[in-house]
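Below: the structure, in structure tokens.
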Protein chains: 2
Amino acid sequence: MTLPDAPRLPERVAAVIARQIAEGRYRPGAKLPPESRLSEVFGVSRSVVREAISRLKTEGLLDSRQGKGVMVLAPAARTAFRMEAVNRLSQQELAQFYEMRSVVESETAALAARRRNAADLKRLRGCLARMAQAVEEGTDGTGPDVEFHRNLAEASGNRYLKELMEFLNARAGQVIRTARDHSSRSAKLPAQVQREHEEIFEAISAGDAEAARRISRRHLQNAARRLGISTLGA
Amino acid sequence: MTLPDAPRLPERVAAVIARQIAEGRYRPGAKLPPESRLSEVFGVSRSVVREAISRLKTEGLLDSRQGKGVMVLAPAARTAFRMEAVNRLSQQELAQFYEMRSVVESETAALAARRRNAADLKRLRGCLARMAQAVEEGTDGTGPDVEFHRNLAEASGNRYLKELMEFLNARAGQVIRTARDHSSRSAKLPAQVQREHEEIFEAISAGDAEAARRISRRHLQNAARRLGISTLGA
DNA sequence: GTTACCAGGTTGTCTGATGACTTGACCCTG
DNA sequence: CAGGGTCAAGTCATCAGACAACCTGGTAAC
């Protein structure tokens with residue numbers, strides 16, 4: 001993967017408008033200047049302005065009506081919780097990210113312990129077996145690891161927690177890959193990680209929500225430590 | 001606010017492409033057909049195709065390079081956790097949403113109890129005073145209520161939890177407003193809600209993370225019940 | 001085998017046009 | 001006077017065409 005190139009005009013114009021909204025220059029309910037005017041102001045073609053506005057419509061920041069204009073929407077219309085690319089995060093931000101991930105995952109694990117059924121357990125066991133094999137063979141255990149966490153979230157019976165967890169874990173995957181690229185570390189699954197997975201599974205299998213929560217949280221804290229991310233105080 | 005009009009072409013084309021990606025028709029790393037081809041396939045102008053692609057670039061689903069083409073990105077590049085408009089959620093989905101909100105907010109409250117400083121407490125006290133006034137006068141307490149939760153999240157010292165909580169609370173605000181529009185309920189702040197806010201504040205002020213977590217969770221469960229949303233089993 | 005050049009293809013941006021929609025002003029009728 | 005209809009101006013939505021900038025693969029020359 002090469003270095004990312006500079007943002008193109010629509011992305012840049014969108015960023016400026018978004019900043020102006022955040023700064024209060026355009027308040028919710030306010031109308032943006034017409035596209036033709038913005039085209040003059042930014043010194044770009046109307047197509048670029050339209051693409052920028054289209055981007056911000058995706059975000060839920062703007063809405064437009066033919067013949068009427070482009071309106072700034074209330075914050076409640078924001079359609080997404082966003083995170084910037086993790087390779088730009090400071091150590092402090094990474095620690096906060098891991099803390100959030102730990103919160104979400106451990107509570108999801110607690111719910112999984114309460115709601116798991118036989119099929120859930122079977123799936124989780126299958127992931128454990130594949131991870132155990134990866135440990136033994138010293139091969140890449142990333143696939144079954146991701147699968148384990150996905151099935152755990154599935155067992156929580158809460159679709160939103162599942163989706164949030166998948167989003168956060170995909171972010172974490174980036175952190176891990178970046179860390180690997182900067183060291184000689186391989187994708188090999190450490191035996192210690194596998195042991196932690198097994199403990200989480202035992203707690204879930206036993207229907208012990210409190211243990212699942214505690215062990216899951218420790219697992220995430222250990223994961224952060226393994227990446228050289230210190231935990232937050234108090 | 002009138003009924004939302006039908007999605008325009010760029011939004012519709014973007015949705016089709018996103019679905020095709022989700023279905024595996026275009027896998028991560030794969031190249032989409034050229035814009036000119038997509039223009040033919042969808043029977044729309046190239047501008048519409050470009051706007052659709054621009055939308056999906058905002059999502060982190062696609063990336064494009066001049067002269068090279070449009071690539072599908074790996075799920076890890078997704079930049080957002082999204083939720084559809086809450087007024088379209090079933091009762092089951094609302095219950096799951098409130099459960100997620102409860103998880104996030106109660107853990108944030110626990111962290112706030114551990115990390116709050118004098119300035120945090122002062123701000124929270126100010127919100128309580130304004131809410132108490134609203135209760136006494138029977139006026140709209142929504143503003144200070146939202147402000148209370150924002151300051152609580154700020155006290156957690158975790159920027160991501162704060163942002164996630166604000167996103168979820170803005171969603172919840174929609175649920176509440178929708179419920180009000182369908183009943184004769186006013187924006188008046190019930191005394192019971194205020195009491196719960198006060199209890200949360202006491203726990204945070206005392207630095208009692210466990211109490212803050214427990215009371216916060218109960219507060220959110222009560223909030224759901226007040227909206228007629230039943231809690232999830234086990 | 002390596003390097004340079006070129007043609008073809010693709011995205012990025014611009015320009016101009018037309019259609020669909022909104023709003024406000026003005027006029028007419030009851 | 002109030003209400004309804006019409007029209008012009010303004011605005012977004014979409015289309016079409018053109019050119020610039022970039023990428024890739026093939027070929028020719030050394």
Side-chain angles (χ1 to χ4, degrees), chain A residues 1-18 20-21 25-73 77, chain B residues 1-18 20-21 25-73 77:
Chain A
M1 181 68 75
T2 59
L3 286 180
D5 67 339
R8 289 337 202 110
L9 291 178
E11 187 178 349
R12 288 161 61 187
V13 170
V16 171
I17 294 172
Q20 288 174 338
I21 291 169
R25 173 150 175 193
Y26 300 111
R27 312 199 62 115
K31 228 176 58 151
L32 247 55
E35 292 172 357
S36 47
R37 178 73 187 133
L38 289 172
S39 176
E40 285 168 26
V41 167
F42 286 111
V44 298
S45 72
R46 207 181 130 218
S47 298
V48 168
V49 168
R50 285 194 57 79
E51 280 191 40
I53 287 168
S54 216
R55 281 176 166 252
L56 297 176
K57 278 157 75 177
T58 301
E59 299 268 357
L61 264 75
L62 300 178
D63 189 33
S64 62
R65 290 288 188 278
Q66 191 168 345
K68 204 168 173 172
V70 181
M71 318 292 290
V72 179
L73 293 178
Chain B
M1 182 65 78
T2 60
L3 286 179
D5 68 340
R8 289 340 201 100
L9 290 178
E11 188 178 348
R12 289 160 60 187
V13 169
V16 171
I17 294 173
Q20 289 173 339
I21 292 169
R25 171 152 179 192
Y26 301 112
R27 316 201 57 117
K31 230 178 50 148
L32 247 55
E35 292 171 355
S36 47
R37 179 73 188 129
L38 289 173
S39 177
E40 284 168 24
V41 168
F42 287 111
V44 298
S45 73
R46 204 181 135 217
S47 299
V48 168
V49 168
R50 287 194 56 80
E51 280 190 40
I53 288 168
S54 216
R55 279 174 169 254
L56 297 175
K57 278 156 78 178
T58 301
E59 300 269 355
L61 264 75
L62 300 178
D63 190 33
S64 62
R65 289 289 187 276
Q66 191 167 348
K68 208 168 172 177
V70 180
M71 319 293 289
V72 178
L73 293 177

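Lettering of chains follows the sequences in order, A, B, ..., and the numbering in each one begins at 1. Below, all heavy atoms of this structure are taken into account, side chains as well, without hydrogens, waters or symmetry copies.
- Extent of DNA chain C lying under 4.0 Å from chain B heavy atoms, first and last nucleotide in 5' to 3' order, is C/dG9 to C/dT13.
- Taking every nucleotide of DNA chain D with any atom under 4.0 Å from a non-hydrogen atom of chain B, the first and last of them, 5' to 3', are D/dA13 to D/dT24.
- Annotation: of the two residues near DNA chain C, A/R46 and B/I53, the 5′-most nearest-nucleotide partner is B/I53.
- For the atom pair CD of B/E40 and CZ of B/R46, the computed distance is 12.5 Å after rounding to the nearest 0.5 Å.
- In this structure a side-chain-to-backbone donor-acceptor pair under 3.5 Å is missing from A/S64 to A/G69.
- Using a 4.5 Å heavy-atom cutoff, the side chains of B/K31 and B/K68 are not in contact.
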Subject >> Trace of the side-chain contact (heavy atoms from CB on, under 4.5 Å) decision for B/L38 with B/I53 >> reply: CA-CA 10 Å; B/L38 289 173; B/I53 288 168; 4.3 Å; yes

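- In this structure, CD on B/E59 lies 12.0 Å from CD1 on B/I17, to the nearest 0.5 angstrom.
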**OP:** Please test A/L73 against A/L61 for side-chain contact (heavy atoms from CB on, under 4.5 Å), starting from the C-alpha separation and ending with a verdict.
**Re:** CA-CA 5 Å; A/L73 293 178; A/L61 264 75; over 6 Å; no

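- The OG atom of A/S47 sits 8.5 Å away from atom CZ of A/R50, with the distance rounded to the nearest 0.5 Å.
- Between the CG atom in B/L32 and the CD atom in B/Q20 there is a gap of 8.0 Å [rounded to 0.5 Å].
- Going from atom CZ of B/R8 over to atom CD of B/E51 covers 11.5 Å, rounded to the nearest 0.5 Å.
- A heavy atom lying under 4.0 Å from DNA chain C marks the following residues of residues 26-38 of chain B, by number: B/P34, B/E35.
- Side-chain contact between B/F42 and B/V48 is absent, with no heavy atoms from C-beta onward closer than 4.5 Å.
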